[in-house]
Amino acid sequence: MPTAREALLDAAQSALAEVPWQAVRMVEVASAAGVSRQTLYNEFSGKDGLARALVRREADLYLRGVEGQLAEADTRAEPADRLAAVAEWTVARAADRPLLRALLTGCWGEWLPTPRPSRTPGASAAVHAPRGAGTGPPVPAELVALVRDRSASTLDGGRTDHNLRRCELAVRLALSHLVAPGAQPVGQLVRSAVTEAAV
């Protein structure tokens with residue numbers, strides 16, 4: 001059985017599939033989750049905290065998915081093939097998940113919750129963040145670095161400068177394919193580019 005926090009995040013995700021974030025009402029999210037509105041406010045402090053947590057969860061799910069793709073890949077496969085599989089999965093996953101697409105590209109539409117920092121720079125550190133609200137999600141450059149580092153760690157040779165460059169190239173090609181898809185499938189692009197980078 002999901003926790004109240006997970007139930008609230010699931011309810012907010014479902015609501016977001018129906019209406020723009022601006023139209024999502026906290027009382028309806030709480031009701032759909034089967035908890036009181038006070039529980040929602042205890043968990044997230046309000047709509048901004050819920051938005052941060054919702055988008056943070058999407059980032060965490062994506063990073064776990066990347067790790068899963070790398071773990072499932074045949075370790076005997078060429079690094080270019082393993083990176084191509086991650087790039088293909090990233091593009092397919094982001095096509096179905098608008099929050100992930102926004103996280104990866106930085107393109108937030110009015111339909112989505114635009115994450116705001118939990119506190120403004122220079123604000124007192126004594127300001128208590130609501131339980132479970134957490135900080136905002138990583139920006140696209142941080143996600144690229146996280147995926148690059150995790151990918152390089154699993155490839156033969158580990159986190160060498162050469163592997164880090166190949167992994168970053170693969171991730172950036174996947175992101176560019178999200179923004180402006182080309183005629184050539186992203187997996188082929190990554191295989192070609194990573195193989196050429198290895199020379």
Side-chain angles (χ1 to χ4, degrees), residues 1-30 32-35 37-71 86 89-151 153 171-172 174-175 178-179:
M1 181 169 192
T3 64
R5 175 183 174 79
E6 285 302 312
L8 286 162
L9 289 170
D10 290 343
Q13 184 83 43
S14 294
L16 193 54
E18 306 279 327
V19 296
W21 183 249
Q22 291 176 335
V24 172
R25 296 183 56 222
M26 297 300 89
V27 66
E28 292 169 359
V29 170
V35 299
R37 194 168 63 164
Q38 186 59 51
T39 299
L40 185 150
Y41 282 93
N42 289 346
E43 284 291 330
F44 303 107
S45 180
K47 197 168 183 178
D48 285 345
L50 179 60
R52 279 192 305 276
L54 188 63
V55 177
R56 177 78 245 182
R57 179 174 79 161
E58 190 67 28
D60 292 341
L61 287 170
Y62 171 65
L63 292 171
R64 283 197 301 272
V66 166
E67 290 172 347
Q69 291 296 309
L70 291 166
V86 169
W89 178 83
T90 293
V91 170
R93 179 89 173 168
D96 295 336
R97 301 185 69 87
L99 275 178
L100 176 58
R101 185 181 179 90
L103 270 166
L104 291 169
T105 62
C107 299
W108 297 90
E110 62 185 48
W111 192 273
L112 300 173
T114 304
R116 296 182 189 141
S118 54
R119 61 184 177 91
T120 56
S124 168
V127 175
H128 176 62
R131 182 169 49 107
T135 59
V139 296
E142 292 169 332
L143 268 178
V144 167
L146 289 168
V147 173
R148 176 202 64 206
D149 292 347
R150 290 170 191 210
S151 299
S153 294
V171 176
R172 290 192 179 278
L175 299 188
L178 282 174
V179 174

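What's counted below: heavy atoms across the whole structure, side chains too, no hydrogens, waters or symmetry copies. Residues take their numbers from the sequence shown, with the count starting at 1.
Partners of Gln38 by side chain to side chain contact (heavy atoms under 4.5 Å, CB included), not counting sequence neighbours, listed by chain and number: Ser36, Tyr41, Asn42. In this view, Ala33 and Ala7, Leu8, Ala11, Val35 satisfy the side chain to side chain contact (heavy atoms under 4.5 Å, CB included) rule, not counting sequence neighbours. For Arg148, the salt bridge (charged side-chain N to carboxylate O under 4.0 Å, His left out) partners at least two apart in sequence or on another chain are Glu168. Scanning for side chain to side chain contact (heavy atoms under 4.5 Å, CB included) contacts around Glu28 gives Arg25, with sequence neighbours left out. Residues satisfying the salt bridge (charged side-chain N to carboxylate O under 4.0 Å, His left out) test with Glu142, not counting sequence neighbours, are none. Looking at residues two or more places apart in sequence or on another chain, you find no side chain to side chain contact (heavy atoms under 4.5 Å, CB included) involving Ala92. Partners of Glu67 under the side-chain hydrogen bond (donor to acceptor under 3.5 Å, both in side chains) rule, at least two apart in sequence or in another chain, are Arg150. Applying the side-chain hydrogen bond (donor to acceptor under 3.5 Å, both in side chains) test to Gln69 and every residue at least two apart in sequence or in another chain returns nothing. Listed by chain and residue number, nothing satisfies the salt bridge (charged side-chain N to carboxylate O under 4.0 Å, His left out) test with Arg93 (two or more places apart in sequence, or in another chain). For Trp89, the ring-ring contact (aromatic ring centres under 6.0 Å, His included) partners are Tyr62, not counting sequence neighbours.
Contact of the Val19 side chain with the Val24 side chain is registered, since non-hydrogen atoms from C-beta on lie closer than 4.5 Å. Counting heavy atoms from C-beta outward, Pro113 and Gln22 have side chains that stay 4.5 Å or more apart. Residues Leu143 and Leu63 form a side-chain contact, since some pair of their non-hydrogen atoms from C-beta on lies under 4.5 Å apart. Under the 4.5 Å side-chain criterion, counting only non-hydrogen atoms from C-beta, Phe44 is in contact with Arg5. Residues Leu16 and Leu99 are in side-chain contact: their nearest non-hydrogen atoms beyond the backbone lie under 4.5 Å apart.
Using a cutoff of 4.0 Å between basic side-chain nitrogens and carboxylate oxygens, Arg56 and Asp60 are scored as salt-bridged.
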Check the pair Leu50, Leu9 against side chain to side chain contact (heavy atoms under 4.5 Å, CB included), reporting the backbone distance first and the verdict last.
CA-CA 7 Å; Leu50 179 60; Leu9 289 170; 3.9 Å; yes

With side chain to side chain contact (heavy atoms under 4.5 Å, CB included) as the criterion, how do Arg97 and Leu103 come out once you've worked through the C-alpha distance, each side chain's angles and the decisive distance to 0.1 Å?
CA-CA 10 Å; Arg97 301 185 69 87; Leu103 270 166; over 6 Å; no

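The ring-ring contact (aromatic ring centres under 6.0 Å, His included) contacts involving residues 7-29 comprise nothing, where partners must be two or more places apart or lie in separate chains.
Across every non-hydrogen atom of Leu112 and Pro98, the tightest pair is CD1-O, 3.7 Å. The minimum heavy-atom distance linking Thr39 with Ala4 is given by the pair CG2-CB, 4.1 Å. The two residues Ala30 and Leu40 come nearest to each other via the heavy atoms N-CD1, 4.1 Å. Summarising the geometry of Val66 relative to Ser151, their closest heavy-atom pair is CG1-OG, 4.5 Å, with the distance given to 0.1 Å.
Atoms CG and CG, from Leu61 and Leu100 in turn, are 9.0 Å apart once rounded to the nearest 0.5 Å. Note that NZ of Lys47 and CE of Met26 are 5.0 Å apart. Values are rounded to the nearest 0.5 Å. Atom CG of Asp10 is separated from atom CD of Gln13 by 8.0 Å, given to the nearest 0.5 angstrom.
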